[in-house]
Amino acid sequence: MANKEALEDKMTPLERMRHSLAHVMAIAVKELYPETKVGIGPPIENGFYYDFDREDSFTQKDLQKIEKRMKRIIARNDAFERKEVLASEAIDMFKAQGEKYKVEIIERLVSEKGVDNVSLYYTGDFVDLCRGPHVASSKELGVFKLTRIAGAYWLGDEKREMLQRIYALAFETQAELEEHLKMLEEADKRDHRKLGKSLKLFTTDESIGAGLILYQPNGMILRRAIEQFEREEHIKRDYQEVLGPGILNTKVWKTSGHYQMGYPMYFFEIDRQEYGIKPMNCPAHLYLFKTEIRSYKDLPLRFFELGTVYRYEKSGVLHGLLRARTFTQDDAHIFCLPSQLKSEIIDVILFVQDVFKTFGFEKFEVELSTRPEKSIGDDETWDHATKSLEEALKELDVAYEINSGDGAFYGPKIDIKLRDALNRVWQCATIQCDFALPERFEVSYIDSNGKKCRPVMLHRAILGSLERFMGILIEHYAGAFPVWLAPVQVNILPIADRHHEYAQKLVRDLKRKGLRVHFDKRNEKIGFKLRESRENRVPYAWIVGDKEVSGDTVSIWQRGVGDRGALSSEEAVQEVLDAHLSKAIW
RNA sequence: GCCUGCGUAGCUCAGGGGCAGAGCACGUCAUUGGUAAUGACGAGGUCGCCGGUUCAAUUCCGGCCGUAGGCUCCA
């Protein structure tokens, strides 16, 4: 076993505290429910968990009892004592206690790592196998709160037994804990599923089926705004938009390999031919490439598709817009010469950054994933591609981390993640080199010597899935979208019926400029209409009454600003138009 | 797919073996108003679906579907 000092170095004091609290939780559970067998209990971001095996399920009430007992245990102020023993001794001891999971861990350590000794930690009467380190005594433990119970497979293996995991938050001070709870509350308020419902963006229905999204008119406006922007940006950058069919003969999925790999897709039969609903857009693009003899002069060739795909996601992973069974990718495939690889990658990275920034995301994280053990292609090809990716990143002076061996079996890749307003990380963009598909579909171009050659293929997505990105946008802005994305940009609120005619003129003015306006004609008081406009996060409310009609003005209420007073109607229209066209973020 | 919880009006939710409840939204009427909720009246339900127990099930039990949080997956 690695030496103690090295491990202590690796664990921060906070992690050590959380880790020790996990032990305290195990002690509490064993004291309250002695028949329970313990699994493992590591520190995690914001807290810790411990896995238990017990006949009865833990309930929310049990959590309170356990939490109380933990506090009592901490008050006892037991020391955490470390003791090193022979592995065989430890096995005997845990066997005698019936702690089969601990026995399994030690046996693994012995057989896989060849350890002789293991370390045990004694806390009062409780002994746990653990490499440590721990706090010296329970006095040093901070504040914590048990949060929830969840199922978790032993060793993360879905074929093994399902244990009960108790999650807890833990911090050094009460203030930090409360701050974190506040953050969770804020995240809950921003939940795209809740906002999606209240802002009438999208819905789902159990009669329709799990993981299937229905766009409401407001959601469709948001989606179209994103799509239109993407089309324009792609065309600017010499991509050609294409569209493949939603179903392709299964033979194609056999050629691509998805069929043999058991890719989660849907199949059905027409005229005794089996078809598969597309879970990816690439095969169609490969066939489109093959419709002509391509010259090296045609490369790079960039096919772009807003491609709607269907995937048989497991029921348990579905999550609003973030994980649905049908979604649309902003997908593109770039066919190029190996020598063009680097500059293509640079262009894609710049493209991604541009797009992210336009949507209001300033912080990104980049990961480069290299060749995994199981992979196809020769060393030279892999080296060249990986180097191209890496050089592109270096040339752009982009900070990145390397995920060694985490690439796809068919090629290395770059993933670009963004951070949202709550500093959460979301995986969106991906740039993947693919050596497999050009080969499998036998695509080629003619080089300057008249020879047939295999082009390199890049798969890339910027937003990833439009649904998922919309979910991220909703949470990032908490539903208060910038003008260019807002389903309703201006709400016109007349004070009384006699102002409707003037209001209608304003509606026309705005619509003529292509702006999205809602005219609230309801027989309600202005306070009520304004309140609702605010709740719907509409960026502008224009209030019109006698004063405005006579002066050809509007009284502007602006989101994030409040009552701005009167402005001439002409200037007001121009202001909204500017905010719309400039895609200003506020 | 697995574990645990949940499913009552369009929405948010209360209730609980014996006539199904509230607020908001919706409809009608009155009110024509100046920056976060005008008032009155009305309509709205196979209590997710199927089966079982019971004189009686929305309520208890089982299965299924959906959903929430995790796990596994999504590399």
Side-chain angles (χ1 to χ4, degrees), chain A residues 39 44 49 51-54 56-63 147-167 184 188 191 193-194 197-200 203-212 262-264 279 311-320 322-325 327 367 369-370 372 374-375 403 405-413 415 427 430 432 464-465 468 491 493-500 521-536 541-548 555-558 561-566:
Chain A
I44 50 172
Y49 70 76
D51 287 342
F52 301 102
D53 185 8
R54 174 174 174 246
D56 296 330
S57 306
F58 287 113
T59 63
Q60 210 56 38
K61 250 190 170 160
D62 292 331
L63 286 198
T147 49
R148 48 178 170 252
I149 308 148
Y153 296 112
W154 172 236
L155 301 176
D157 181 347
E158 65 179 324
K159 289 182 194 74
R160 297 296 305 267
E161 35 292 68
M162 177 64 70
L163 306 183
Q164 297 181 63
R165 175 170 298 177
I166 300 179
Y167 280 96
L184 292 178
D188 192 52
D191 190 312
R193 293 163 300 182
K194 289 185 183 173
K197 202 174 266 185
S198 61
L199 300 177
K200 300 183 186 172
T203 188
T204 56
D205 191 291
E206 69 169 282
S207 301
I208 296 225
L212 305 173
Y263 198 86
R311 295 184 186 173
Y312 188 174
E313 302 289 0
K314 289 184 177 183
S315 59
V317 307
L318 302 174
H319 187 90
L322 301 184
R323 196 88 184 264
R325 283 189 172 145
F327 56 95
E367 277 173 19
S369 297
T370 59
K374 265 179 70 181
S375 56
N403 263 345
D406 214 28
F409 73 90
Y410 49 77
K413 60 167 188 171
D415 288 320
Q427 154 84 57
T430 184
Q432 308 185 355
S465 136
R468 189 181 143 77
N491 227 333
L493 313 181
I495 302 274
D497 291 354
R498 64 179 177 280
H499 310 122
H500 283 198
K521 288 184 193 176
R522 290 175 306 169
N523 178 10
E524 296 290 349
K525 292 178 147 183
I526 197 68
F528 179 84
K529 292 197 268 198
L530 183 65
R531 173 191 153 84
E532 208 172 88
S533 184
R534 296 171 69 143
E535 278 174 347
N536 289 331
W542 287 1
I543 292 159
V544 295
D546 292 336
K547 279 185 293 180
E548 290 78 11
S555 280
I556 296 178
W557 178 93
Q558 186 181 342
V561 178
D563 185 357
R564 279 178 42 195

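Chain letters run A, B, ... following the sequence lines, proteins first and then strands; every chain starts at 1.
Between the CG atom of A:D188 and the P atom of B:U12 there is a distance of 13 Å, rounded to whole Å. Following rounding to the nearest Å, A:F52 (CZ) and B:C3 (C1') show an atom-to-atom distance of 16 Å. In this structure, A:H500 atom NE2 and B:G33 atom C1' are separated by 11 Å, rounded to whole Å. Rounded to whole Å, atom P of B:C3 lies 14 Å from atom CG of A:D53.
Inter-residue side-chain proximity for A:P412 and A:T370 is flagged as unmet; no heavy-atom pair is nearer than 4.5 Å. Taking 4.5 Å as the limit, every side-chain heavy atom of A:R323 sits out of range of all side-chain heavy atoms of A:S465. No side-chain heavy atom of A:E313 sits under 4.5 Å from any side-chain heavy atom of A:H319. A heavy-atom distance below 4.5 Å is found between the side chains of A:I149 and A:L63. Considering only heavy atoms from C-beta on, A:W542 stays 4.5 Å or farther from A:N491 through its side chain.
One C1' atom belongs to B:C74, the other to B:U12, and the distance between them is 33 Å to the nearest Å. Spacing of C1' atoms, B:A37 relative to B:C49, comes out at 39 Å, to the nearest Å. One C1' atom belongs to B:A43, the other to B:U4, and the distance between them is 40 Å to the nearest Å. Comparing the P positions of B:C26 and B:C61 gives an interatomic distance of 39 Å, to the nearest angstrom. Comparing the same atom, C1', in B:C2 and in B:G17 gives a spacing of 34 Å after rounding to whole Å. Comparing the C1' positions of B:U59 and B:C71 gives a spacing of 32 Å, expressed to the nearest Å. Of the C1' atoms belonging to B:A75 and B:G63, the separation is 36 Å, rounded to the nearest Å. Rounded to whole Å, the C1' atom of B:A9 lies 15 Å from the corresponding atom of B:G27.
Contacts of A:K529 with the nucleic acid, taken as non-hydrogen atoms under 4.0 Å apart, are absent.
Summarising the geometry of A:L163 relative to A:W154, their closest heavy-atom pair is CD1-CE3, 3.6 Å, with the distance given to 0.1 Å. Residue A:L318 comes nearest to A:G211 through the heavy atom pair CD1-N, 3.8 Å, listed as atom of the first residue, atom of the second, then distance. Scanning all heavy atoms of the two residues, the minimum distance from A:Y153 to A:R160 falls at CD2-O, 3.7 Å. Of all heavy-atom pairs spanning A:G405 and A:P372, the tightest one is O-CB, 3.3 Å. Here the closest heavy-atom approach between residue A:Q60 and residue A:T147 is recorded as NE2-O, 3.6 Å. Residues A:T204 and A:L212 share a closest heavy-atom pair of CG2-O, 3.4 Å.
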Check your understanding: Can you give one letter per nucleotide of nucleotides 35-43 of chain B, going 5' to 3': B for a protein heavy atom under 4.0 Å from the base, S for sugar-phosphate only, - for none?
Key -> BBBB-----

**Study point:** Base-contact (B) and sugar-phosphate-only (S) positions in nucleotides 60-75 of chain B, heavy-atom cut-off under 4.0 Å, - elsewhere
**Key:** -----BSSSBBBBBBB

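Stem list for RNA chain B (at least 3 consecutive Watson-Crick or G-U pairs, distances under 3.5 Å): B:1-7 with B:65-71, B:10-13 with B:21-24, B:26-30 with B:38-42, B:48-52 with B:60-64.
Comparing A:R522 and A:G545 along RNA chain B, the residue whose closest nucleotide (by nearest heavy atom) sits nearer the 5' end is A:R522.
A:K197 has a side-chain polar atom (N or O) that falls below the 4.0 Å cut-off from OP1 or OP2 of B:U12.
With salt bridges taken as basic N to acidic carboxylate O contacts below 4.0 Å, none links A:D406 and A:K413.
For B:C55, the base is anti relative to its sugar; the glycosidic angle deviates from 0 by more than 90°.
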